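Below is one structure, written out as structure tokens, with a few remarks after it.
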Amino acid sequence: MECSDRIRYASLGMNLSWEHIHVHTRYPFKIARPGASVDGVDVHRIIVCVEHEGIKGFGEAAPARYYGQDLDSVEQTLRAIQTSLPKSPEPISAWIDPLLHRFDGQRAAICALDVASHDWLGKKMRMPVWDILGLSPQATPPTAYTIGIDTPEVVAKKLAEAGKFSILKIKVGTQDDLEMLETIRRLAPDKGLYLDANGGWAPSGLRERIASVARFAPLLIEQPLAAGSFEVLRALSAQDRCSLPLIADEDCVRLEDLDQLVGIFDGVNIKLAKCGGLVEARRMITRAKALNLKVMLGCMVETSLGISAAIQLASLADFVDLDSHLLLADDPFEGLGLVNGVVTPNSNPGLGIAVRRGETQP
Ligand code: MG
């Protein structure tokens, strides 16, 4: 993998460059959140490279329009940062922490810098990132395999491809939820199910909605209501919840969001692209556990490069949802394994990711 010469900035000792890549999902990817129910077939990402002492580290920016981010805002953020690059990517938190606060709404870009710095450090130390972090991938839970909102025929086709996965993440939040769950339970009676409404359910009738999906025996429900619907959720009794854990996603972006979720949610979905990278995600995991919140590690639609960063932390998670690279038709990277439904990092230095053989980009 080479750094792009197209957009390159250098400080006294550190270079920063980036490149736009365009990949495609194998299926349209529909979720319930208004404005996000796009086809999702075309996925645009920015691959960031930090270079220092002849070593290159790479990270992926996966901007989300929901959080006010797009390719332009990522590039604007990177251009703003290039004027104040440190001399070295290490110590990582020393330069990433101020950026998280300065660009609080542009954490997808900061994530790419944080991840590229970790990849760089691992290559410099000739160690995998998980080893530098004092973690072992041995205890990584199996990933959920995501089934987006779709027709019964397409859902059946996706289920046929999901045989190696013991857990399915089902996108719900439309009037067709029950029909889709009927199809899934008929074809996959023994799979664990995570339901993700992406805030698509209405506050009125929430109790009935939870009861109607509870008969399909899901393991949890993620973000049932739009972000900020705390009072409605707080008013639910354990019986109203059918004893199903509720997981915050859109309600949980950064470290400072965690404490207010206690008593409302049972766990949080932490995503590197959402929170700003490995430094912030590690802190969030520690704080969530201290607050007795379960931890899910999730993803945006990222390539193997983005997923390889999150998977370094996955042994710390209760639930893993790191499958988006498997949903791509043309992932330009390789290096992750898949063993009995568990996504695994390798032991190569850094993130252990390389450009897939035969690919020319980035
Ligand atoms: Mg979610």
Side-chain angles (χ1 to χ4, degrees), residues 25 27-38 40 43 62-69 107-108 111 141-150 158 165 167-174 177 180-181 184 192-202 206 209-210 213 218-230 233 241 244-254 257-258 261 264-276 280-281 284-285 288 293-302 306-307 310-311 313-314 317-327 343:
T25 58
Y27 292 102
F29 189 74
K30 185 179 176 186
I31 65 174
R33 196 171 59 224
S37 300
V38 294
V43 181
R65 273 176 292 181
Y66 179 76
Y67 297 111
Q69 306 157 356
R107 289 179 176 235
C111 171
T143 185
Y145 186 75
T146 303
I147 308 284
I149 295 168
D150 224 313
K158 290 178 180 176
F165 300 95
I167 301 168
L168 303 174
K169 181 163 180 174
I170 312 299
K171 293 291 189 179
V172 294
T174 73
D177 287 354
M180 196 162 80
L181 288 169
I184 287 164
L193 300 183
Y194 301 162
L195 304 188
D196 185 2
N198 287 104
W201 289 350
L206 179 60
R209 182 76 82 144
I210 292 174
V213 300
L219 299 171
L220 55 84
I221 300 176
E222 192 178 321
Q223 197 69 43
L225 301 180
S229 306
F230 292 165
L233 295 176
R241 294 169 178 237
L244 290 172
L246 300 184
I247 307 294
D249 182 357
E250 285 82 350
D251 266 320
C252 177
V253 174
R254 59 186 72 68
D257 294 338
L258 285 169
L261 304 177
I264 300 171
F265 288 97
D266 304 286
V268 291
N269 187 343
I270 296 170
K271 300 177 180 176
L272 266 58
K274 190 172 56 165
C275 75
E280 180 81 340
M284 291 180 74
I285 292 170
L293 292 166
K294 295 286 187 187
V295 171
M296 172 183 281
L297 265 179
C299 58
M300 305 301 187
V301 181
E302 289 154 77
I307 297 300
I311 209 69
L313 295 177
D318 301 291
F319 314 112
V320 169
D321 179 28
L322 296 173
D323 66 331
S324 67
H325 61 305
L326 304 171
L327 308 178
V343 177

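No experiment lies behind these values; they were computed from the predicted model shown. Numbering of residues begins at 1 and proceeds along the displayed sequence. Excluded from the calculations below are hydrogen atoms, water molecules and symmetry mates; all remaining heavy atoms, backbone and side chain alike, are included. Numbering of ligands and ligand atoms starts at 1, following listing order.
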Between D196 and Q223, a side-chain donor and acceptor under 3.5 Å: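 D196 vs Q223: no donor-acceptor pair found between side chains.
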No-hydrogen, no-angle side-chain donor-acceptor test under 3.5 Å, D323 and T146: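 Looking only at side-chain atoms, T146 and D323 do form a donor-acceptor pair, the distance falling under 3.5 Å.
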Presence of N, O or S from D321 under 2.8 Å of the Mg ion (ligand 1):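 No.
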D196 near the Mg ion (ligand 1) via N/O/S, less than 2.8 Å: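 Of the N, O and S atoms in D196, at least one lies under 2.8 Å from the Mg ion (ligand 1), which means yes.
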Minimum-distance N/O/S atom that D249 presents toward the Mg ion (ligand 1):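 Of all N, O or S atoms in D249, the Mg ion (ligand 1) lies closest to OD2.
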Closest E222 atom to the Mg ion (ligand 1) [N, O or S only]: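 This turns out to be OE2.
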Min side-chain heavy-atom separation L297-D321 under 4.5 Å: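 Answer no - side chains too far apart.
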Partner of L246 under side chain to side chain contact (heavy atoms under 4.5 Å, CB included), chosen from L220, D251, I221, L225: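 Looking at L220, D251, I221, L225, the match for L246 under the side chain to side chain contact (heavy atoms under 4.5 Å, CB included) is I221.
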